[in-house]
Number of protein chains: 2
Amino acid sequence: MGRWEPGARGRLERAALTLSAEQGYEATTVAQIAAAAGVTERTFYRHFPDKVDAFFPDNTDLLATLATTAREAQDDGSPPRDAAMTALRLFAGYVAEEPERPLLSARVIPAVPALAGRDLLRQQQMVGAMAEGLVAGGADAVAARLAGEAALSAWRTALTIWRADPDRVLTDVVDEVASAASAL
Amino acid sequence: MGRWEPGARGRLERAALTLSAEQGYEATTVAQIAAAAGVTERTFYRHFPDKVDAFFPDNTDLLATLATTAREAQDDGSPPRDAAMTALRLFAGYVAEEPERPLLSARVIPAVPALAGRDLLRQQQMVGAMAEGLVAGGADAVAARLAGEAALSAWRTALTIWRADPDRVLTDVVDEVASAASAL
DNA sequence: GGTGGTGATGTCAGTTTCTGACATGGCGCG
DNA sequence: CGCGCCATGTCAGAAACTGACATCACCACC
């Protein structure tokens with residue numbers, strides 16, 4: 001693999017997020033993002049099909065991992081709802097690795113319909129992946145979907161709680177919400 | 001109000017949908033859509049902020065109507081879930097007025113992430129509007145949200161059933177799904 | 001019936017987004 | 001050392017959008 005300065009994709013993602021947080025999404029041009037990352041505008045479009053995609057890191061392997069994790073948890077005897085929560089915890093662990101990202105995203109994404117829509121689409125993909133894994137493990141289709149939606153709902157509320165108090169550990173908040181949900 | 005050939009906005013919406021259904025979304029240019037509607041490309045952008053918006057008719061008054069309808073149904077004694085269903089029925093009535101639209105949309109929107117995302121965003125706005133109306137009528141916040149989500153879920157399944165058999169009356173299918181849901 | 005205002009549209013130039021084609025340069029492998 | 005791979009650079013161009021100004025139908029008012 002030839003390389004000049006490795007990690008161009010990551011630098012582009014970070015530049016897009018930070019610049020948009022500072023000056024707004026439509027005010028920051030792709031040329032700016034590329035310059036901040038030390039590459040050309042053309043290189044940006046080799047990493048991302050379009051401008052909005054720079055705000056949503058590739059998640060194909062995440063989706064696969066969610067599916068297998070949910071399925072394995074279910075194989076170990078968990079009901080679908082708990083199995084989906086286990087998969088969600090895994091996802092929360094990934095997100096918690098760089099906590100600044102969700103904070104910046106929360107400032108940029110909701111203000112831009114194109115970004116907000118793509119965000120919802122990704123969430124639906126995650127629900128679909130978890131449900132798929134559960135179904136592959138023998139769960140009922142609608143039960144699996146409901147379990148996925150419940151996990152997503154827990155994730156959203158956990159994120160909201162955490163954003164109001166970012167000093168807490170994100171995964172702890174997720175655990176808290178998850179246990180509160182299973183108590184219902 | 002000065003006017004040349006009235007209904008430019010509607011013609012643009014229809015042209016965008018039919019052309020995209022024929023040749024695909026990215027293959028149809030805004031200039032094409034405008035020409036098919038008998039206007040200039042510039043006029044297109046006076047009616048819609050961007051290309052994707054042409055596929056989603058303005059819904060600000062629909063959202064307000066959903067909120068008041070849900071609230072009034074609740075004031076008449078319906079529990080939040082049924083009140084949200086009543087508002088949904090109203091929406092179904094609007095959609096049923098031109099049944100070709102949802103059929104074409106179903107062919108175009110899911111294939112294009114930008115459109116699919118915007119679609120989810122609109123659905124969330126509808127849920128928010130119904131929940132808002134219910135809360136204004138004194139309902140609990142989470143109960144109102146759940147009622148809205150339940151109505152949306154019923155809408156989605158009703159649409160799916162109807163698309164498999166478009167000769168049926170859409171509002172009938174909605175009623176059927178609604179009663180099945182309330183039977184749970 | 002003229003006359004002026006209003007609002008939607010046309011025209012045009014310019015920026016930004018995105019794409020295809022080709023050139024370049026570092027890095028691994030024989 | 002030479003060869004090829006692959007990410008990147010360069011350049012041209014189409015398509016998406018925007019601002020500024022002109023135009024033209026319709027409507028109100030006198």
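Note that the structure is predicted; figures quoted are calculated from it, not measured. A, B, ... follow the sequence lines: proteins, then strands. Residue 1 opens every chain.
- Nucleotide C:dT19 holds its P atom 14 Å from the NZ atom of A:Lys51, rounded to whole Å.
- Of the candidates C:dT9, D:dA16, C:dT17, the closest approach to any side-chain atom of B:Thr29 belongs to D:dA16.
- Within the 6.0 Å centre-distance limit, the rings of A:Tyr25 and A:Phe55 are counted as a close aromatic pair.
- Between the CG atom in B:Leu170 and the CZ atom in B:Arg163 there is a gap of 10.5 Å [rounded to 0.5 Å].
- Between the CD atom of B:Glu41 and the C1' atom of C:dT15 there is a distance of 14 Å, rounded to whole Å.
- Taken to the nearest 0.5 Å, the CG atom of B:Leu88 stands 11.0 Å off from the OG1 atom of B:Thr69.
- A:Tyr45 has no side-chain polar atom (N or O) that falls below the 4.0 Å cut-off from OP1 or OP2 of C:dT19.
- To the nearest 0.5 Å, atom CD of residue A:Glu176 and atom OG1 of residue A:Thr157 are 9.5 Å apart.
- Between B:Gln23 atom CD and D:dA15 atom P the separation is 12 Å, expressed in whole Å.
- Atom CZ of A:Phe55 and atom P of C:dT17 are 11 Å apart (whole Å).
- Taking atom CZ on B:Phe44 and atom P on D:dT18, their separation rounds to 11 Å, with Å as the unit.
- On a pure distance criterion of 3.5 Å, a polar donor-acceptor pair joins the side chain of B:Arg46 and the base of C:dG10.
- Across the protein-nucleic acid pair, A:His47 atom NE2 and C:dC18 atom P stand 16 Å apart, rounded to whole Å.
- Note on B:Thr43: every side-chain N or O is 4.0 Å or more away from OP1 and OP2 of C:dT9.
- A:Leu12 has its CG atom 15 Å from the C1' atom of C:dC18, to the nearest Å.
- Nearest nucleotide to the side chain of B:Thr40, out of D:dT10, C:dT17, C:dT11: C:dT11.
- When rounded to the nearest whole Å, the span between CZ of A:Phe48 and P of C:dT19 equals 14 Å.
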